[in-house]
A.B. asks: 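This is the structure I have questions about; it appears just below.
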Amino acid sequence: MSATLVIREILKDTVSILGVELPKKVQIEPPREKKFGDIATNIAMLLASTLKDSPRNIAKKIKDLILERHSTHIEKIDIAGPGFINFFLSKSFWQSEVLKILNKGEDYGRSDLGMGKKVLVEYVSANPTGPLHVGHGRGAAVGDSLARILKFCGYEVTTEYYINDAGRQITLLGKSIYIRYKQLFGFEDEICDDCYKGEYIIDIANKIKQELGDALLKKEPNDAIQFCSQFGQDLILEQIKQDLKNFRVLHENWFSEKSLVAENFVDKTIELLKQKGLVYEKEGALWFSSSKFGDDKDRVLKKSSGDLTYFASDIAYHKDKLDRGFDLLIDIWGADHHGYIPRMKAAICALGRDKQDLQVILIQLVNLLRGGKQVSMSTRSGEFVTLEEVLNEVGPDAARFIFLSRKSDSHLDFDLELAKQRTMENPVYYVQYAHARICSVFAKAKERHIDISMKPNEVINYLTLDLEIDILKKLNEFQDIVLTCARILSPHMLTFYLMELAGMFHQYYNKCPVLGAEQKELIFARCYLLMAIRQVIAQGLYLLGVNAPERM
RNA sequence: GCGCCCGUAGCUCAGUAGGAUAGAGCAUUGGACUUCUAAUCCAACGGUCGGGGGUUCGAAUCCUCCCGGGCGCGCCA
């Protein structure tokens, strides 16, 4: 249990004696200043109005009660400023963290926050009309890491990729390929304005030519286009799957939009909304009363042409997700889709659920640089940097770590040159290096025939330096950080945490010899501390989907 | 015009249920390897948290107005 949770339990018990509950907004956290103790709380200030007493008086009462009843881990309690209660925990409490980490191993930091709640994380879901680019990579990194974190926090997580294989864009893909195909045979058809113009279209056309020769020229254009659509889409999807695999991103489900259409599920969903009185006809089209649920205006489900809108199939898709029994839907979208959130939430409400049951995480643009100079991207113009290229250049570890080093809804500068550099500007190496360095210490120990012949609980009380205690506190914090990441659905705090922990280790490494310590008990104690650090770094990196190398 | 996001050190950014003297890295300057990996460490320098008003014991954080930047406002996906 993290120190903050320990104190939380103690406070909960204590205020119950005063006849009140723990206030919802209570803060229990490590204060910025060391002199304010290990854990500080503002509880007395919050209870002042309820208990009709001054914060400092309340603080005094709480302090006395705690000292009477829970003195085990607590060395000292201070009351400071307007009524903060500052807890100083005993060294032995922090030292025992090593035991907890080593005993729990990979389960250290695991929690039951989610209580088995079923969550569907849907991410990437790029149209199979072109290769994945860097922006998709960012969404992939966030989605995959978030899924790992939520699983670790006791959610039952399923990951899914939604394939938009039924719409106009797919037809357009077929058309684009068909035109390129004809060009290969000397036809002078011009590529249309809204066509896909990337090189890969020509590659696909070439592939068709290789396999079928001129057979397609003899077909009706519409049939030929349909063939091209399917052929191109299959090929692109295969490439997308390969890219994601290389990025260590594995979706459990691949959900096809076409399957919804085939089962008439979209029409059935519209029918359901109609029964609820939320669908009406206007100007030859079918409208959904999304404005009844907070959207700016109503939205079209079926165009006057008779075609379904993308939104209609998206509602059906989300209904399908809910029907599959998920308690919480997490969608990861490009930030340019933010205007789409209110209508999707409206749909969730219309389906009888709370709007909180859909959480949308927006992924801002990746600003791709090469040596400080901007690289432009657009799938349409055909000039873009693919995820594949980035992975070939910088590798999955650096790419993932950089993608996860910012809040997902802020712009991210990604400099390909920097990502390859092995300096502090590229922090993935900093963290991985800490892990490798620890491994190297143990390799050296083996070389020198240093045998750790005492158990952790016999030596951990040798960890008495300020820096050692600080590291133990930092390790303890891991549990809180993981919980926060799960709560705010963002892995980036874990990335920062790992840099801090790695920094403390590097500092320690430079300052305190481990194998060269003067007593064998101290050598062993420091070895155990290093094992604990290594465990937490490895686990943290795992949650980010980054490797923890033993040698660098 | 309306809506959403953003504005913190020269640069890139943390600061996520409002807490005590606002933090990192880079850059700059100066130091540390015959010692467990120098892909490291130490020190110095650097801020009216875009601006004004408000809420309260307390605001980078919440409210409001203004300025500046990004994005979205389709019977597109």
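Each chain gets a letter, A, B and so on, in the order the sequences are listed, and its residues count up from 1.
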A.B. asks: When all nucleic acid strands are considered with a 4.0 Å heavy-atom cut-off, which category describes A445(A): base, sugar-phosphate, or nothing?
C.D. replies: nothing
A.B. asks: Provide the full list of salt bridge (Lys or Arg N to Asp or Glu O under 4.0 Å) pairs with a residue in residues 512-521 of chain A, sequence neighbours left out, each pair given once.
C.D. replies: none
A.B. asks: Please pick, from rA20(B), rU12(B), rG19(B), the nucleotide with the shortest atom-to-atom distance to any side-chain atom of R406(A).
C.D. replies: rU12(B)
A.B. asks: Considering only atom C1', compute the distance from rU28(B) to rC11(B) and round it to an integer number of Å.
C.D. replies: 12 Å
A.B. asks: Once each nucleotide of nucleotides 4-10 of chain B is scored for protein heavy atoms under 4.0 Å, what B/S/- sequence comes out, 5' to 3'?
C.D. replies: BS-----
A.B. asks: Rounded to whole angstrom, note down the C1' distance from rG18(B) over to rC13(B).
C.D. replies: 22 Å
A.B. asks: Taking N or O atoms only and anything under 3.5 Å, show me the protein contacts with nucleotides 32-36 of chain B, one pair per line.
C.D. replies:
unit_1  : atom_1 : unit_2  : atom_2 : d
rC36(B) : O2     : V514(A) : N      : 3.4
rC36(B) : O2     : L515(A) : N      : 3.0
rC36(B) : N3     : V514(A) : N      : 2.9
rC36(B) : N4     : Y509(A) : O      : 2.6
rC36(B) : N4     : C512(A) : O      : 2.7

A.B. asks: How far, in whole Å, is rA24(B) from rC67(B) if one measures between their C1' atoms?
C.D. replies: 29 Å
A.B. asks: For residues Y528(A) and F524(A), establish whether the separation of their ring centroids is below 6.0 Å.
C.D. replies: no
A.B. asks: Would you mind checking if K61(A) and D53(A) are paired as a salt bridge, meaning a charged N to carboxylate O distance below 4.0 Å?
C.D. replies: yes
A.B. asks: Watson-Crick or G-U wobble partner for rA39(B), using a 3.5 Å limit on both distances?
C.D. replies: none
A.B. asks: By nearest nucleotide on RNA chain B, pick out whichever of S405(A) and I488(A) is the more 5' one.
C.D. replies: S405(A)
A.B. asks: Check I361(A), V360(A), L358(A) against I330(A) for a side-chain contact (heavy atoms from CB on, under 4.5 Å) and give me the one that passes.
C.D. replies: I361(A)
A.B. asks: With a 4.0 Å cut-off on N to O distance, would you call K321(A) and D331(A) a salt bridge?
C.D. replies: yes
A.B. asks: At less than 4.0 Å, is any side-chain N or O atom of Y430(A) found next to OP1 or OP2 of rC41(B)? Yes or no.
C.D. replies: yes
A.B. asks: For K474(A), give me all partners under side-chain hydrogen bond (donor to acceptor under 3.5 Å, both in side chains), at least two apart in sequence or on another chain.
C.D. replies: E500(A)
A.B. asks: Going by the rule side-chain hydrogen bond (donor to acceptor under 3.5 Å, both in side chains), which residues pair with N42(A) if we only count those two or more places apart in sequence or in a different chain?
C.D. replies: none
A.B. asks: Counting distance alone, no hydrogens or angles: does the base of rA17(B) have a donor or acceptor under 3.5 Å from a partner atom on the side chain of N42(A)?
C.D. replies: no
A.B. asks: Using a cut-off of 4.0 Å on non-hydrogen atoms, how would the nucleic acid contact of A80(A) be classed: base, sugar-phosphate, or nothing?
C.D. replies: base
A.B. asks: Need one value for A434(A): base, sugar-phosphate or nothing, where a base atom within 4.0 Å counts as base even if backbone is also close, heavy atoms only.
C.D. replies: nothing
A.B. asks: Please tell me if the side chains of F293(A) and I348(A) come closer than 4.5 Å, counting only heavy atoms from C-beta onward.
C.D. replies: no
A.B. asks: Taking D470(A) first and then K34(A), would you say they form a salt bridge - that is, a charged N and a carboxylate O separated by under 4.0 Å?
C.D. replies: yes
A.B. asks: In whole Å, measure the gap between the P atoms of rG74(B) and rA27(B) for me.
C.D. replies: 47 Å
A.B. asks: Could you give the distance separating rC2(B) and rG25(B) at their P atoms, to the nearest angstrom?
C.D. replies: 43 Å
A.B. asks: Check every atom of rG19(B), rA20(B), rG18(B) against the side chain of K25(A) and return the nucleotide holding the closest atom.
C.D. replies: rG18(B)
A.B. asks: Taking only the side-chain nitrogens and oxygens of Q507(A), find out if one of them lies under 4.0 Å from OP1 or OP2 of rC42(B).
C.D. replies: yes
A.B. asks: Given 3.5 Å as the limit, does a donor-acceptor pair link the side chain of S304(A) with the main chain of G284(A), or not?
C.D. replies: no
A.B. asks: Once you measure the plane-to-plane angle for W254(A) and Y161(A), does it fall in the parallel (<30°), tilted (30-60°) or perpendicular (>60°) bin?
C.D. replies: parallel
A.B. asks: Rounded to whole angstrom, note down the P distance from rG50(B) over to rU8(B).
C.D. replies: 6 Å
A.B. asks: Between D295(A) and K345(A), does any side-chain N to carboxylate O distance fall below 4.0 Å?
C.D. replies: no
A.B. asks: So what does Q27(A) hit on the nucleic acid, given a heavy-atom distance under 4.0 Å: a base, only sugar-phosphate, or nothing?
C.D. replies: base
A.B. asks: Ring of F496(A) versus six-membered ring of rA24(B): centres under 5.5 Å and planes under 30°?
C.D. replies: no
A.B. asks: Could you tell me if the side chain of L544(A) sits less than 4.5 Å from the side chain of P491(A), heavy atoms only?
C.D. replies: yes
A.B. asks: Tell me whether F84(A) is stacked on the nucleobase of rA20(B), counting only the six-membered base ring and applying the 5.5 Å and 30° thresholds.
C.D. replies: yes
A.B. asks: For nucleotides 74-77 of chain B, give me every protein contact, N/O to N/O, under 3.5 Å, one pair per line with atom names.
C.D. replies:
unit_1  : atom_1 : unit_2  : atom_2 : d
rC75(B) : O2     : S304(A) : N      : 2.7
rC75(B) : O2     : S304(A) : OG     : 2.9
rC75(B) : N3     : S304(A) : OG     : 3.2
rC75(B) : N4     : E283(A) : O      : 2.7
rC75(B) : N4     : E283(A) : OE1    : 3.4
rC76(B) : OP2    : K303(A) : NZ     : 2.9
rA77(B) : OP1    : K303(A) : NZ     : 3.4
rA77(B) : OP2    : Y310(A) : N      : 3.1
rA77(B) : O2'    : N127(A) : ND2    : 3.1

